[in-house]
Amino acid sequence: MTEPVPPDSTAVPDPAVAVDPTVVNGQCEQADPQQQHPSAESEGEGSKMDQEMKITDSIEDRGLLESSMRLKPHEAQSYRKKALWVSWASIAVTLILAVVAFTVSVMRHSASAFGFAFDATLDVLSSVIVLWRYSNAAAVHSAHREYIACCILGVIFILSSLCIMGKAIHDLATKLLPEVDGFLFSVSIISGVVCIILAVIKFMLGKVLTSRALITDGFNSLVGGVMGFSILVSAEVFKHDPKVWYLDGTIGVLIGLIILAYGVKLLLDMVPRVRQTRNYERFE
């Protein structure tokens with residue numbers, strides 16, 4: 001009998017046999033933890049966003065605004081009082097500007113001045129609505145009250161835009177030429193600066209209180225500021241080039257269209273929400 005031949009230790013391994021590179025000395029190589037971290041982080045961010053959306057939806061389902069989760073009770077009441085003070089100041093200032101602008105529009109035949117006067121009147125009405133919105137301390141976070149205020153603002157915006165565009169189109173059709181003097185310049189500058197300052201304050205308060213009504217009121221003040229400066233621009237252009245007499249009326253039409261579009265958008269957004277939150281009138 002022949003003895004078994006021991007295997008040759010110097011033999012070359014068969015290339016057909018595949019060796020798993022992940023197996024070294026009988027142990028599986030562990031995956032790089034840095035490669036798994038980005039996917040885990042992205043999944044965490046996605047779940048966080050989903051959770052925030054669910055929280056926002058649950059807040060709206062309870063008839064409350066998002067500010068109810070952000071502000072403490074004493075902070076909410078403090079900002080509510082600030083909103084009331086700003087609204088009272090806006091009513092007083094814009095009422096004076098409206099009277100002056102109406103006077104200028106009649107004396108100087110300015111469509112932009114008439115548009116600003118009407119917008120100032122709209123600003124007074126919108127501030128009154130904001131006063132109603134925050135008159136009840138218990139309803140500072142009421143979504144139903146907020147949406148009703150926005151719907152009223154939307155209707156007022158649409159009606160005012162029609163009046164502004166009607167006056168501007170009439171002036172363009174009759175080729176009414178504006179009169180320019182120092183009084184018109186002073187009124188336009190003061191009106192523009194005051195309205196823009198009011199708009200900035202209202203935007204800041206509206207962002208903190210998550211109030212669409214306050215932001216809409218601020219938008220109206222911003223439009224008033226733009227129209228105040230547009231009076232100055234159109235009058236100055238007409239002074240140097242009388243051929244561009246139509247600039248004043250054209251600006252009035254554009255402002256009217258902007259207010260109209262905003263009012264329609266506001267109604268489309270808020271009417272369904274009023275219906276959804278009509279069962280939460282207890283907050284009022």
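What you see is a predicted model; the values in this text were computed from it and never measured.
Side-chain heavy atoms closer than 4.5 Å link hydrophobic residues (I, L, V, M, F, W, Y) into clusters, and following such links, possibly through other members, connects L214 to W88. Put simply, V93 and V99 are part of two different groups of oily side chains (I, L, V, M, F, W, Y) that touch within less than 4.5 Å, one to the next.
For the side-chain contact (heavy atoms from CB on, under 4.5 Å) test with V193, the passing option among I190, I196, I197 is I197; the others fail.
Atoms CE and CG, from M270 and L153 in turn, are 10.0 Å apart once rounded to the nearest 0.5 Å. The structure places CD1 of I169 at 9.5 Å from CG of L162, a figure rounded to the nearest 0.5 Å. We find the CG-SG distance between D123 and C195 to be 6.0 Å, quoted to the nearest 0.5 Å. Here the CG-CD1 distance, from L159 to I164, works out to 11.0 Å after rounding to the nearest 0.5 Å. To the nearest 0.5 Å, atom OG1 of residue T210 and atom CD1 of residue I215 are 8.0 Å apart.
Looking at heavy atoms from C-beta onward, S126 lies out of side-chain contact with I156 at the 4.5 angstrom threshold. Put simply, the side chain of V194 does not reach to within 4.5 Å of the side chain of T94, judged on heavy atoms. Between T216 and I129, the closest side-chain pair of non-hydrogen atoms is not below 4.5 Å. Side-chain contact between T121 and F102: present, with at least one pair of heavy atoms (C-beta onward) separated by less than 4.5 Å. When side chains are defined from C-beta on, V271 does not count as touching Y147, because their heavy atoms never get closer than 4.5 Å. Using a 4.5 Å cut-off on side-chain heavy atoms (C-beta onward), Y79 and L205 make contact. In this structure, the side chains of L125 and F157 stay at 4.5 Å or more apart for every pair of heavy atoms. Side-chain contact between L267 and C151: present, with at least one pair of heavy atoms (C-beta onward) separated by less than 4.5 Å.
Side-chain N or O atoms of S135 include one that pairs as donor or acceptor with a backbone N or O of W132 at under 3.5 Å.
Closest of all the heavy-atom pairs between A76 and V140 is O-CG2, 4.0 Å. Contact record, L266 with G154: CD2-N, 3.6 Å, taken as the closest heavy-atom pair.
Side-chain N/O atoms of S90 and S127 include a donor and acceptor closer than 3.5 Å.
Taking 4.0 Å as the cut-off between side-chain N and carboxylate O, D217 and R133 do not count as a salt-bridged pair.
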Counting only pairs under 3.5 Å, give me each side-chain donor-acceptor contact of residues 251-261, with atom names and distances, residues two or more places apart or in other chains.
none

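N220 meets the side chain to side chain donor-acceptor pair (under 3.5 Å) test with no other residue; sequence neighbours excluded. Partners of Q77 according to the side chain to side chain donor-acceptor pair (under 3.5 Å) rule, which considers only residues two or more places apart in sequence or in another chain, are R80. S211 pairs by the side chain to side chain donor-acceptor pair (under 3.5 Å) definition with Y134, E146, not counting sequence neighbours. Looking at residues two or more places apart in sequence or on another chain, you find a side chain to side chain contact (heavy atoms under 4.5 Å, CB included) between A199 and F203, S221, L222.
Listed by first then second residue, pairs satisfying salt bridge (Lys or Arg N to Asp or Glu O under 4.0 Å) with a partner in residues 249-270 read R212-D269, K265-D269, not counting sequence neighbours.
A 6.0 Å sphere centred on CZ of F219 holds more than 12 heavy atoms belonging to other residues, nucleotides or ligands.
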Verdict with supporting geometry, M204 and V208, side-chain contact (heavy atoms from CB on, under 4.5 Å): CA-CA 6 Å; M204 293 173 63; V208 173; 5.8 Å; no
